[in-house]
Amino acid sequence: MHQTGLRRFSPTLIFSALPFRPAVLFLLLGLALALAPNCSSVPKSATGAGLSAAELRLRHRVDSVLARMTLEEKIGQMTLFTTDWGSTGPTIREGYTDDIRKGRCGALFNSHSTQFTRELQRIAIEETRLKIPLLFGFDVIHGYKTIFPIPLGEAASWDLAAIEQSAHIAAAEAAAAGLHWTFAPMVDISRDPRWGRVMEGAGEDTWLGSRIAEARVRGIQGKNLGSTDALLACVKHFAGYGAPVGGRDYNTVDMSERYFREYYLPPYEAAVKAGAATVMTSFNDYDGVPASGNRYLMTDILRKEWGFTGFVVTDYTSMNEMTNHGVVADEKEAGELSLRAGVDMDMQGGIYQRFLQKSLAEGKVTLAEIDEAVRRVLRLKFMLGLFDDPYKFCDAAREKRLLLAPEHRATARDISRKSIVLLKNEKNALPLAKNANIALVGPLADNKSELIGNWNGAGNFNDCISLLEGLKAAGTGTIKHVKGCAVEGNDKSGFAEAVAAAQQADVVVVAVGENAMMSGEAAARAELGLPGVQEELVSALVATGKPVVVVLMNGRPLAIPDLAAQSTALLEAWWLGTETGHALADVLFGDYNPSGKLPMTFPRSVGQVPVFYNERNTGRPYDPNSKWTSKYIDMPNSPLFPFGYGLSYTTFDYSTPVADRSVFKKGETIQVSVTVKNTGKRAGEEVVQLYIRDLVGSVTRPVKELKGFQKIMLAPGEARSVQFRITEKDLSFYRKDMSFGAEPGEFDIMVGGNSADLKKVKVRME
Ligand code: NOJ
């Protein structure tokens, strides 16, 4: 079905006869707009006051294209397919080049490199009727070619500038490889380490997660959309995907609206308000309605409450999966539910493509709904500058210059070492002397393939520096490497050689953990210990009496109480990416003093999960001496390592915090200061954390909530006063009637180096 009206004057007919000239195209389009009789398709608001000239012009350009499109072409702009390259699920449609030619697909993912994207874009520009440029998306989650630590690892740096920089480099490399759009940041809060996708997020905390979400959006999108070193961000997975029942991926999410708004929604909102251009739906249902058909989420909250103006894309075939959820009878109905909910683009499901025309003919959806979705997509293509130069991201020289650039590797090394968390350091086993004779043991000690972790973009593990390579480059002693065992399996035949090497060494460094595919999508685990016989290997090494430094490489918090107890030192190194070996050597030899803090609680046992720091007090709070309190009879409530925890090679002392006044009025800001002193012999960085507790509320309040932090560097013996400003918003919450605001009364303000070890001052709001 063709749209009528402007067909009488079609600038595209003129362009098709011309060689492609961006400036000419724009000029003619402007002329066409001026002459076109049917400019009434510009939205009414565009004619109103208050819109900038640039916004008006953008709307005119979008509408001029829209007015020339057939229904099939419109639906094409609402359709995203993967190429055959590295898809993450069933590829239900092949032959995407044919779709491009017919204008039936406006965006592709898993297509990258300037060569490949240029060829696909050429088809769109030279072989389609309207020459609408394609949009290329990809999961650039923690690096494109230079791979940075997994996002959970980066969150452990508590360094927002470094996180932003990492996202920016990832975007710059990806944009240099022809890409326009990344499916990041993933901002799903999760309290369940069984869920494999915790590796992609910023951990369990709402406030930290929100700040990191903003930093990542800023890093990805750069100064402005359309810069050739930036991408469109896609906030995902909206919403609540991090809280599947039992930690099982794709599972149902069910919680009160209060918890949803208080703990889970803020990072999405923060990312949207930081300007994220697109949003991805999640696979789960929320309160009985799958996200991809959930109008409350996609329209009421996202657009109406938060003012989101970009487009919404489904997750991979999640529109189709609404038939399995059992809320629609067939795929056609699924498409109708999605469109009406506010979903603009269908990822890989082909539902809009196959059924939307029929749904329109039957009156199940309206042309206005379709037009609005298409406008949102075209708008971003215009903002990227693709209508002016569809090949602007296809510069092979830039691609060659930027991918794995030395300065990118240097930045990756820096954030990698910032992401490492020192969990234990008995008898100051670390740092190691440079000339120490080391037995380097473990399945991940000379490994590269797992180091880039899951979701590793276009990374090549051969570019990684292994731990063995890193230690060899930095140390001067002998390094004897023995694998000992594999990550998985029962084979202990390598133990004897590992033990022999340990006996000859001054110190044992043992690298154990998970394989990369044990975390990420569809990688939930019911057990949270070290897989295989790795822990037994560590025990055999400990039995030699030598100091044993355990280096963990994994994608989630692990329940490893025995491992922690028997190790002399314990480092959480996640998957650090391309610069793993260098970063770890920097920390192990003390060229860098570790400063990372856990962004997620480490349980003692999987039976404690979910275990998180910002719980409610309950009517019977934990008392080790009373049976009738909220507890387990077989282990304490406390975790193995709490949220915010991490040691340094130096020590810090905290004063009791002081508030500038103990009584203040609603609306006023109070200032809290604390003096932090470096009481050790090395310079070191400390993440000074501030938590609050509202002692009496109209609804129960968490026993602690992070509301601020500062990362400071202190020389040995140096003391510094750290100031925090606490606003009314920091003390606000969803009250009994679900309005958001603060309630007068008493608050504890707590400061310290982790969520369990805090000093407090009481203040009162009148
Ligand atoms: C499914 C994942 O859930 C999502 O995060 C990802 O962006 C898409 N696949 C595309 O690869």
For [X] and [Y], I'd like to know if the aromatic rings sit close, meaning centre-to-centre distance below 6.0 Å.
| X | Y | result |
| --- | --- | --- |
| Phe183 | Trp455 | no |
| Phe81 | Tyr96 | no |
| Phe109 | Phe136 | no |

I need the [X] [atom1] to [Y] [atom2] distance, nearest 0.5 Å.
| X | Y | atom1 | atom2 | value |
| --- | --- | --- | --- | --- |
| Thr117 | Leu108 | OG1 | CG | 10.5 Å |
| Glu321 | Thr317 | CD | OG1 | 4.0 Å |
| Asn294 | Asp285 | CG | CG | 9.0 Å |

For this session: Check the pair Tyr250, Asn284 against side chain to side chain contact (heavy atoms under 4.5 Å, CB included), reporting the backbone distance first and the verdict last.
Result: CA-CA 5 Å; Tyr250 316 124; Asn284 56 281; over 6 Å; no
Contact summary for [X] and [Y], nearest pair of heavy atoms:
| X | Y | value |
| --- | --- | --- |
| Glu521 | Asn454 | N-ND2, 4.3 Å |
| Ala277 | Gln221 | N-OE1, 2.8 Å |
| Thr281 | Ser318 | OG1-OG, 3.5 Å |
| Gln77 | Val374 | CB-CG1, 4.1 Å |
| Arg216 | Pro185 | CB-CB, 3.8 Å |
| Asp344 | Gly310 | OD2-O, 4.1 Å |

For this session: Could you check Lys145 against Glu173 for salt bridge (charged side-chain N to carboxylate O under 4.0 Å, His left out), going step by step and ending with a plain yes or no?
Result: CA-CA 7 Å; Lys145 191 62 90 176; Glu173 287 195 3; over 6 Å; no
For this session: With sequence neighbours excluded, tell me which residues meet salt bridge (charged side-chain N to carboxylate O under 4.0 Å, His left out) with Lys400.
Result: none
For this session: Using the test salt bridge (charged side-chain N to carboxylate O under 4.0 Å, His left out), find all partners of Lys392 that sit at least two apart in sequence or belong to another chain.
Result: none
Check for a donor-acceptor pair, side chain of [X] on one end and backbone N or O of [Y] on the other, with a separation under 3.5 Å.
| X | Y | value |
| --- | --- | --- |
| Thr411 | Glu407 | yes |
| Ser113 | Ala177 | no |
| Thr314 | Met347 | yes |
| Asp300 | Leu297 | no |
| Lys381 | Gly106 | yes |
| Asn460 | Asn462 | yes |

Measure the shortest side-chain to side-chain distance between [X] and [Y] over non-hydrogen atoms and say whether it is less than 4.5 angstrom.
| X | Y | answer |
| --- | --- | --- |
| Ile370 | Leu71 | yes |
| Thr299 | Lys304 | yes |
| Leu51 | Arg59 | yes |
| Phe148 | Thr146 | yes |
| Leu232 | Leu380 | yes |
| Leu80 | Asp346 | no |
| Ser292 | Asp315 | no |

For this session: Please lay out, stage by stage, how Leu360 and Leu356 fare under the test side chain to side chain contact (heavy atoms under 4.5 Å, CB included).
Result: CA-CA 6 Å; Leu360 180 65; Leu356 217 46; over 6 Å; no
For this session: Could you walk me through whether Arg122 and Ile125 pass side chain to side chain contact (heavy atoms under 4.5 Å, CB included), step by step?
Result: CA-CA 5 Å; Arg122 190 199 59 73; Ile125 300 303; 5.9 Å; no
Exercise. Any ring pair (Phe, Tyr, Trp, His ring centres under 6.0 Å) pairs touching residues 111-135, not counting sequence neighbours?
Worked result: Trp85-His112, Trp85-Phe116, His112-Phe138, His112-Tyr144
Problem set entry | By side-chain contact (heavy atoms from CB on, under 4.5 Å) - contacts of Glu331 (at least two apart) | Asn320, Thr323, Ile351, Arg354, Phe355
Exercise. side-chain contact (heavy atoms from CB on, under 4.5 Å) with Asp188: which residues, sequence neighbours excluded?
Worked result: Met186, Trp195, His237, Tyr241, Tyr268
State plainly whether the residues [X] and [Y] are in salt-bridge range, i.e. N to O under 4.0 Å.
| X | Y | result |
| --- | --- | --- |
| Arg375 | Asp371 | no |
| Lys273 | Glu214 | no |
| Glu55 | Arg379 | yes |

For this session: Let me see the working for Glu362 and Lys332 under salt bridge (charged side-chain N to carboxylate O under 4.0 Å, His left out), right down to the final yes or no.
Result: CA-CA 11 Å; Glu362 289 172 0; Lys332 184 171 89 44; 2.8 Å; yes
Exercise. Is the number of heavy atoms from other residues, nucleotides or ligands within 6.0 Å of CD (Glu127) greater than 12?
Worked result: yes
Problem set entry | Results of ring-ring contact (aromatic ring centres under 6.0 Å, His included) for Phe393 - residues two or more places apart only | His180
Problem set entry | Worked verdict on Glu369 versus Arg340 for salt bridge (charged side-chain N to carboxylate O under 4.0 Å, His left out) | CA-CA 7 Å; Glu369 284 166 333; Arg340 288 196 308 259; 5.7 Å; no
For this session: Tell me, with the steps shown, if Asp63 and Arg68 meet salt bridge (charged side-chain N to carboxylate O under 4.0 Å, His left out).
Result: CA-CA 9 Å; Asp63 280 308; Arg68 289 162 180 75; over 6 Å; no
For this session: Dump the intermediate steps for side chain to side chain contact (heavy atoms under 4.5 Å, CB included) on Thr114 and Asp395, then the final yes or no.
Result: CA-CA 6 Å; Thr114 54; Asp395 177 341; 5.6 Å; no
Exercise. Stepwise, does the side chain to side chain donor-acceptor pair (under 3.5 Å) test hold for Ser166 with Glu154?
Worked result: CA-CA 9 Å; Ser166 151; Glu154 279 193 351; 2.5 Å; yes
For this session: Using the side chain to side chain donor-acceptor pair (under 3.5 Å) rule, take Glu336 and Ser359 through it: C-alpha gap first, then chi angles, then the decisive distance, then the call.
Result: CA-CA 7 Å; Glu336 292 156 6; Ser359 300; 2.7 Å; yes
For this session: Carefully, step by step, assess Trp575 and Phe461 under the rule ring pair (Phe, Tyr, Trp, His ring centres under 6.0 Å).
Result: CA-CA 12 Å; Trp575 290 307; Phe461 65 78; over 10 Å; no
